[in-house]
Every structure is written in structure tokens, then in C-alpha cells.
Asks: 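I'd like to ask you about the structure that follows.
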Amino acid sequence: MSALLHQRLRTSAALGRAFTRFSSSDSKVKNGLVLCVYKDGDKCSMTTETKKFNERLGGRLTELLECAGVSGKLATPRLLYGLTAEFPCVAVVGLGESAEQTVDDAENVHQGRENVRHAVASGVTALRDVQCSHVTVEPTEHAEASAEGAHLALWSYDELKAEADRQRPVQLSCAGGDSELWRRGALKASGQNLARTLMEAPANYLTPTLFCERVSEAMSSLPVEVVVRDEAWIRQRGMGAFLSVSRGSAEPPRFLELSYSGAGADAAPLAVVGKGVTFDSGGISLKPAKNMDTMRADMGGAACTVGVLYAAARLGLAANLRAFIPLCENMPGSRATKPGDVVTAMNGKTVQVDNTDAEGRLILADALCYAQECRPRAVLNMATLTGAISVALGSAAVGVFTNSTAAWHQLRAAGTNTGDRVWRMPLWKHYTKSMKECRLADLNNIGSATGGGACTAAAFLQEFVAEDLPWLHVDIAGTMENTTDVPYLSKGMSGRPTRTVLEFAEAICRQGSR
């Protein structure tokens, strides 16, 4: 037998052993390992960690990958079995072309980080599906992104299902030890996963009161002050716009405040305001029945705000953050606000409510007025505010309206790093004029012109923010749900853009006091 034929037979036998699957009940398949390779023409090249693993195997991994034709195509996993006793199952996943691992300015995304999230997510889910209960993940060149992809991919909302139908828990760790960057990525993902959990919860499990209780529980071991305001307090503060939305529901409104102080006492905080409509029927201006169940997530702005404070506290960010969350239901009860009613906001401006389904801007108006009392360095509000932003941008990015170009650049840079992109929208007087053309009050809650619904909503909110205060309105309606848009997120509520706002908060709070 020739040496070449002998070598081919030996490699073929090794490949066969490596690809032999254990049954899903085999107790040996406990620990899994995710390794990554780059695409290099028709072949692949190894990352640093993969090279180390290959050296421990005496080059055997190289033989297997060549024989299997692994090319490094992005997020394509190949499962190998029986390579080591420590890792009975190894997922080798492609990162794509090595030349494409930098910032793509045309796409507004750090492609390398995004490729890592996608690839690692593909690897950990493949190992979970073959019953691995502990998965070690290589850090790649971007350990933070690696941790984000792994932890985001394994999240699922199944707490209301029978035990047998829930996803099996998988413990994650980083190859070579959990570095500080891996830890940061894991904690950033934990904030987004908390937001996803809140958004997915059925409305009867997460009324305004229950929302406050759940958030209080989540923050109980963290340095976050939680204050829950009742309806009497809301009324005493003159928040007539907010109260008008809550009138149609038997569930009482709540105003939730969260405070995290990670910087000096003299450092002005970033104020984050989140829309907290825990269910939106549209009120008297009733929504169509189709897909109305997704309106349990109309508190997505509130959920992402909670996620930001949660992750910031766990990370110990050197930042002062204040969160302001108005919570209510928008229902068509006998006391509900009627189209044509006029209400008075906290700053004294009157609003004619011609469409009760344009309710988010009403509760945010009062929350924005109140948030400015803490003398913030800037205010950022998040809300699933308009269907119009979905028409404009789809699910590719969240729309941002701002009076501060400097703040915009910081938010855009954060979105480039996290993969949760943002896109600046116009905040022109043209849209403000439309909101002020009102017969009965200072403002109307819907614009008089056709089109531009996201822009007129932003113009309305601007009327409740001081002109000299940096302010960003982030409309997240288009990114509320994930279908196939973000490959490392499962279908359902996305929790976007929690990580982007968290990174923005860290950046803007590095500056001096306002």
C-alpha cells in the first residue's frame, strides 16, 4: 500500500470518527467548544485560539477541516465529535473573509464585530441543539462581541411553558478564562435580554404595577435606587397628558424612577425616558385586531431603558444615569379620552387629542418635562412611537431625531460598534408647523399634513424640551420585533437598541459636567 493511499485512508477514518454523532441522550455530550476560522479563498485560515487547539491535536484539526471542505463561510458551523475527552463536541464556525473584519462605513457597522456575533451565535445554538450543557467559546479578535453573540443567541422567553417544553439551560464560558472584555459583552447582553423578557411578557402578567414590581426585583441586588410614584403623585405634578391616556383602563398608572450613580456627585446625569404603555389597544381610536397582541411590547422604550440601567449597574459604569418611565394601559373604557378632547401637560401647554392611538407622545411629553428637573447633561427618550418610522427605515435601524449634532455623532458611533444601527431623521420647523395648526389648543397630537408621521411626532415632543438641552428622540417601532433581521437574535421581541444606548451613555458621561 502506498504511503499516500495509507494517509488518505487514515484521514478518512479520522474524519468518520469525528463526524460520528452521539445520540441526544448520550451523557458524554456535555461540554462543547466553539472555534472560528476565516474564509481564505476556497479554504479557511485559523484564528489564534483555533491554531492553539490544532497544535494540541498535533495538526489533526487541519486534516479534518481540509477533508470536510470547510471554507470559513460566515456563520456556517461544522460539528466535530470525539476530538478530545474535554470537549466531546466541537463546532467550527466561519467568520467570513478576513479582509472584511473592519468598519464598513457604507453600512455604518463594524463588520468584524458583527461577523463574530453571528458566527458565535451559530456555533452555540448548534451545540445546544445536540444537548451540550456547557459551551466554551473562543474570544476571537473581539471577545466582547463574542460574549454578546453567545448570550443573546441562547435567550428564550419560555417561563410560561411546561418544564419539558423549555429550552435547556446552557452555561457559557470563554476559552482561556473569562476576560474583562468577555465579561463586558456578557453583561451588555444581559441588559438586552432583560428588555426582551419584559417586552415578551403578556400584558396581564406585566401591568404598570407588576412592571414596577418586576423591575424592583431585578434591581434589588444592584446599586440602583427604585422609586414608584402612584396616580395621586402623577395628578399632583400636573401630568394631564399622561393621565388622559390612562383613563380608559381599570389598571392605575405608575411613574417609575431609577437612579444609578457611578460617577461623582457633581457630574450631571444622562436622563433616559422610556415609553411604558404596557398594552396599547389604541383607545377609542381602536387598532385593527390583526397582530394587536404584539402591543404588549408597546412598552419597548421602557423595557430598553430598564435594560440600560440594569447593565450599567452590573458593569459599574463611571456614569450617572436617571431613568423616567411613565406606565399605563391605553384602553377604550367608559372614562377613556375621546377624540377632540383637550388636555393640559405638565408645562402648561394644551393638547387637542384627535387620535387616541397617538398616545405615546402624550405620556412622554409629561415625562420629558419632569426629567429636566434633575438638570441632566442630555436627555434621550426611547419609544415604539410610530408605524411611520417602520415605513421609512424598516427594521434596519432606529430613527433618531436630535437637536445636537455632537450627541448624534456619539450615538452613531455606538451603533456602529454594537451592530444596532441608528439613522438621523429631520427635525425641521416644517413639521412643528403641522402640529401647531390646531383649532382648540396649543398643539394637536397628530399632524395636519399627509405623511411624515414619525417627523411630526418628534416635532411634538420637541415642544416639551428646553431649546438649549441636548435631546435625542429614538423611535424604535421598526426594530421592536426580530424575524430574520438580526441572525443572532431569535424571533420575537428584540430589545434593540439597549446595547447602543448603553455604549452611548458611557461615552457621553465621560465628558465634564454640563
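As a basis for the values below, the full set of heavy atoms in this structure was taken, side chains included, without hydrogen atoms, waters or symmetry mates.
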Asks: Taking all heavy atoms of L243 and all of P253, pick out the closest pair and write down the distance.
Replies: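 It is CD2-CG, 4.2 Å.
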Asks: Side-chain polar contacts of residues 450-463 - donor-acceptor pairs under 3.5 angstrom, sequence neighbours left out - could you list them?
Replies:
| residue | atom | partner | partner atom | Å |
| --- | --- | --- | --- | --- |
| T456 | OG1 | G452 | O | 3.3 |
| T456 | OG1 | G453 | O | 3.1 |
| E463 | OE1 | K349 | NZ | 2.9 |

Asks: Do V124 and L172 come close enough that some side-chain heavy atom pair is under 4.5 Å?
Replies: yes
Asks: Any side-chain donor paired with an acceptor under 3.5 Å for N108 and T416?
Replies: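 Absent: no donor and acceptor within the cut-off.
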Asks: Kindly compute the distance separating CG (L206) from CD (E213), expressed to the nearest 0.5 Å.
Replies: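 CD of E213 is found 10.0 Å from CG of L206.
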Asks: Got more than 12 heavy atoms from elsewhere within 6.0 Å of CZ, R235?
Replies: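 Open.
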Asks: Side chains of E100 and N115: do they bring a donor and an acceptor to under 3.5 Å?
Replies: no
Asks: Is the side chain of T337 donor-acceptor paired with the backbone N or O of V245 at a distance under 3.5 Å, no angle test?
Replies: no
Asks: Measure the shortest side-chain to side-chain distance between M219 and V306 over non-hydrogen atoms and say whether it is less than 4.5 angstrom.
Replies: yes
Asks: Measuring from atom CD of Q236 to atom CD1 of I234, what distance do you get when rounded to the nearest 0.5 angstrom?
Replies: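 Answer rounded to 0.5 Å: 11.0 Å.
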Asks: Quick check: closest heavy atoms across L315 and R184, and the distance to 0.1 Å?
Replies: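 Answer, listing the atom of L315 first, then R184: CD2-CA, 3.7 Å.
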Asks: Do H151 and W182 have their ring centres less than 6.0 Å from each other?
Replies: yes
Asks: Does the R421 side chain pair with the main chain of V109, one donor and one acceptor, at a distance under 3.5 Å?
Replies: no
Asks: Atom CH2 in W408, atom CG in N403: separation rounded to 0.5 Å?
Replies: 13.5 Å
Asks: Fit a plane to each ring of W471 and H473, take the angle between them on a 0 to 90° scale, and name the class: parallel (under 30°), tilted (30 to 60°) or perpendicular (over 60°).
Replies: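 It falls in the parallel class, under 30°.
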Asks: Counting distance only, does the side-chain N/O of D354 pair as donor-acceptor with the main-chain N or O of P339 below 3.5 Å?
Replies: no
Asks: When you check the side-chain N and O atoms of R424 and T405, is any donor under 3.5 Å from an acceptor?
Replies: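 Result is yes, a qualifying pair exists.
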Asks: Hey, mind stepping through R214 and E217 against salt bridge (Lys or Arg N to Asp or Glu O under 4.0 Å) and telling me if it holds?
Replies: CA-CA 5 Å; R214 185 140 191 182; E217 181 182 353; 5.9 Å; no
Asks: NE2 of H118 to CG of L74: how many Å apart, nearest 0.5 Å?
Replies: 5.5 Å
Asks: Which pair of non-hydrogen atoms, one from A263 and one from N320, has the smallest distance, and what is that distance?
Replies: N-OD1, 2.9 Å
Asks: Got I476 and R496 here, is their nearest side-chain heavy-atom distance under 4.5 Å?
Replies: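 No, every pair of side-chain atoms sits at 4.5 Å or beyond.
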Asks: Would you please name every residue forming a salt bridge (Lys or Arg N to Asp or Glu O under 4.0 Å) with R247, sequence neighbours left out?
Replies: none
Asks: Within the 4.5 Å heavy-atom criterion, are E359 and N445 side-chain neighbours or not?
Replies: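 Not touching, per the 4.5 Å side-chain cut-off.
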Asks: Working to the nearest 0.5 angstrom, can you tell me the gap between M299 CE and I363 CD1?
Replies: 11.0 Å
Asks: When you compare the side chain of V215 with that of L256, does any pair of heavy atoms fall below 4.5 Å?
Replies: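 Of all side-chain heavy-atom pairs linking V215 with L256, at least one is under 4.5 Å.
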Asks: So, the side chain of N482 versus the backbone of L489: is there a donor-acceptor pair under 3.5 Å, distance only?
Replies: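 Yes, the answer is positive, given that a donor and an acceptor are paired below the 3.5 Å cut-off.
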Asks: If only atom types and distance count, is the side chain of Y260 paired as donor or acceptor with the main-chain N or O of L317 below 3.5 Å?
Replies: yes
Asks: So, the side chain of D366 versus the backbone of A241: is there a donor-acceptor pair under 3.5 Å, distance only?
Replies: yes
Asks: Verify the ring-centre separation between W233 and F242: is it less than 6.0 angstrom?
Replies: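 No, too far apart.
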Asks: Look at the side chain of Q111 and the backbone N and O of D104, then say whether any donor-acceptor pair between them is shorter than 3.5 Å.
Replies: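 Not at all, since once roles are kept as given, no pair shorter than 3.5 Å links the two residues.
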Asks: Just by modelled atom types, is the A466 backbone N or O under 3.5 Å from a matching donor or acceptor in the Q372 side chain?
Replies: yes
Asks: Just jot down the salt bridge (Lys or Arg N to Asp or Glu O under 4.0 Å) partners of D293, sequence neighbours excluded, or say none.
Replies: R296
Asks: With a 4.5 Å heavy-atom cut-off, do N444 and E437 have their side chains touching?
Replies: no
Asks: Quick one: pull up NZ in K188 and CZ in R314 and give me the separation to the nearest 0.5 Å.
Replies: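 Between atom NZ of K188 and atom CZ of R314 there are 14.0 Å.
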Asks: Using atom types as modelled and distance alone, determine if a side-chain donor or acceptor of S285 lies under 3.5 Å from a backbone N or O of G282.
Replies: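 Here the side-chain-to-backbone pair does not exist.
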Asks: Kindly indicate, with the supporting measurements, whether the criterion side chain to side chain contact (heavy atoms under 4.5 Å, CB included) is fulfilled by D357 and I284.
Replies: CA-CA 8 Å; D357 194 25; I284 296 297; over 6 Å; no
Asks: Side-chain contact test, heavy atoms from C-beta onward, threshold under 4.5 Å: evaluate it for F211 versus L198 and give yes or no.
Replies: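 A side-chain contact under 4.5 Å exists here.
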Asks: Under 3.5 Å, is there a donor-acceptor pair between the side chain of K275 and the main chain of L364?
Replies: no
Asks: Can you confirm whether C509 sits close enough to R377 that some side-chain heavy atom of one is under 4.5 Å from a side-chain heavy atom of the other?
Replies: yes
